[in-house]
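Whatever order the structure lists ligands and atoms in, that order sets their numbers, starting from 1. Since we're looking at a predicted model, the values are computed, not measured.
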Amino acid sequence: MPSPDDKQLMLVVYDPTRNQRRKKKISFMYIIQIIALISIWATILALDPFTITGSIIASGVGYYYKDKLTCMVKECCHDHTSDKWIANRMEWSDLSEEIFGQHIAVNVVSKLVHFHMKNENPSKPLVLSFHGFTGVGKNHLSDMLAKRIYRQFNATGASNFVHKYVATNLAKGNDLSMLAKDIHKKLDNCDRSLVIIDEIDKLPEKYLDILLPFLEHASPYKKSIFIFLGNSAGSNINNKVVQLMHSGKSREDIDYEDLENIVTNNAIKMGGLKNSELITRGVVDLFVPFLPLAKRHVRQCVVDNLRRQHKFSDPFIDPGSEFIRKVMNSIEFKDDEFSVYGCRRVSSKIAIFLPRKNPH
Ligand SMILES: Nc1ncnc2c1ncn2[C@@H]1O[C@H](COP(=O)(O)OP(=O)(O)OP(=O)(O)O)[C@@H](O)[C@H]1O
């Protein structure tokens, strides 16, 4: 005795009208195809042979070069025709006109990034770790790098290949696998990507170990650049700079070797790099010290801000002007030597003191 399910099956299998319906469907499809063919032939006959050949060649060429044509207007990672979107466009000499008082960072970082970008077959991704007090230019230098490498970032302040994560947001979600997945997806999309992770000193210990597969020699994304930013080692760097200067060395004569041990040993004492495998496996290529900013550097920030953001010109932006003196007096300096917040508060101080009306 067939079960209710079998009955249903039998009904389907032995449906007497099924073949007829199928035949009707097939003949309907034939009719549609024949109509389509007739209309194509009618169109072709209505055109002259040159137009037809021209269109066929044009569509063939268009199809063949479709990627290159897309890259002419849309940001591309692999643009083999030229270095239109991502390139080693490093006019490093002008960096020091935009980043004040950081001769060590500008010098070492520009060299490493330049050679990494030039290398078509690097042995591993470039991994840099920037350290220093707040407001001394760590984010600013990473933005400058992005501008010099990614054309779209330079034009709009954003690129599909520049990715910035702020550690405090990551630590809240605490979802490590999401971070790894996200970076994986982005590097898969473009191996010449720049990944910046800010505030690494606020991350839980060993947190950054999740990135090890991306950063070591076996990484499939060897062309990428990773930059970590953090305040750890900041006071050690400041104390060493003060000590060197009090012993008679001029600030400009302090070089990387003077601060290398200080920054390398202290950068890893807290946050995501503490007890991290990234350190034991030696994947961080360079710990970069950022110096505390002196009065003259903060004054340069004030002038630069007035010129770039407010489009002021001389004599208003003369460093000796009354306005600049007022702004400088409102900025906090430690022992009258180094700015407590670097150049971080410069733009808000200027906004407070600027009259509503343009003083020109
Ligand atoms: N050395 C510098 N030269 C020129 N401008 C600077 C410099 N340092 C800071 N600034 C200015 O101050 C702003 C804040 O600096 P930035 O964000 O780079 O500080 P940071 O070192 O990353 O600080 P934090 O550790 O608090 O994130 C920048 O946008 C820039 O306008």
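Between L293 and ligand 1, no pair of N/O atoms sits closer than 3.5 Å.
Remark: distances from the non-hydrogen atoms of G101 to ligand 1 are all 4.0 Å or more. For L229, the heavy-atom gap to ligand 1 stays at 4.0 angstrom or more. Using a 4.0 Å heavy-atom cutoff, G342 is absent from the residues neighbouring ligand 1.
Among protein heavy atoms, the minimum distance from atom 22 (O) of ligand 1 is reached at N139 ND2, 2.7 Å. Residue, atom and distance of the protein heavy atom nearest to atom 18 (O) of ligand 1 are H140 N, 2.9 Å. Looking only at protein heavy atoms, the nearest one to atom 26 (O) of ligand 1 is T134 OG1, 2.5 Å. Among all protein heavy atoms, the one lying closest to atom 1 (N) of ligand 1 is F100 O, 2.8 Å.
When non-hydrogen atoms are compared, ligand 1 lies under 4.0 Å from the backbone of C343 as well as from its side chain. Only the backbone of E98 comes within 4.0 Å of ligand 1, counting heavy atoms alone; no side-chain atom from C-beta on gets that close. Residue contacts with ligand 1 for D304 are absent, since no atom lies close enough (heavy atoms, distance under 4.0 Å).
By the 30° and 60° cut-offs, the orientation of the rings of F323 relative to F353 is perpendicular. Ring geometry for Y150 versus F161: interplanar angle of 30 to 60°, hence tilted.
With R344, H297, Q300 as candidates, the residue nearest to atom 24 (P) of ligand 1 on a non-hydrogen basis is R344. Across G132, S96, G135, heavy-atom proximity to atom 19 (O) of ligand 1 is greatest for G135. Nearest to atom 6 (C) of ligand 1 by heavy-atom distance, out of A105, G234, C301, is C301.
A centroid separation of 6.0 Å or more is found between the aromatic rings of F228 and F130.
Less than 4.0 angstrom separates some heavy atom of K138 from each of these atoms of ligand 1: 18 (O), 20 (P), 21 (O), 22 (O), 23 (O), 24 (P), 25 (O). Of all atoms in ligand 1, numbered sequentially from 1 with element shown, those under 4.0 Å from a heavy atom of N231 are 25 (O).
For R344 and Y341, the positive end is not near the middle of the six-membered ring at less than 6.0 Å and at most 45° from its axis.
Within the 3.5 Å criterion, the main-chain N or O of M117 finds a donor-acceptor partner in the side chain of R192. At least one donor-acceptor pair under 3.5 Å links the side chain of H131 to the backbone N or O of S232.
Side-chain atoms of Y221 and H184, non-hydrogen and from C-beta on, do get closer than 4.5 Å to each other. Using a 4.5 Å heavy-atom cutoff, the side chains of N329 and R325 are in contact. Here the side chains of L286 and S129 are not in contact, with every heavy-atom distance at 4.5 Å or above.
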Q | Check against side-chain hydrogen bond (donor to acceptor under 3.5 Å, both in side chains), N139 and K164 | A | CA-CA 10 Å; N139 275 283; K164 193 162 188 173; 2.5 Å; yes
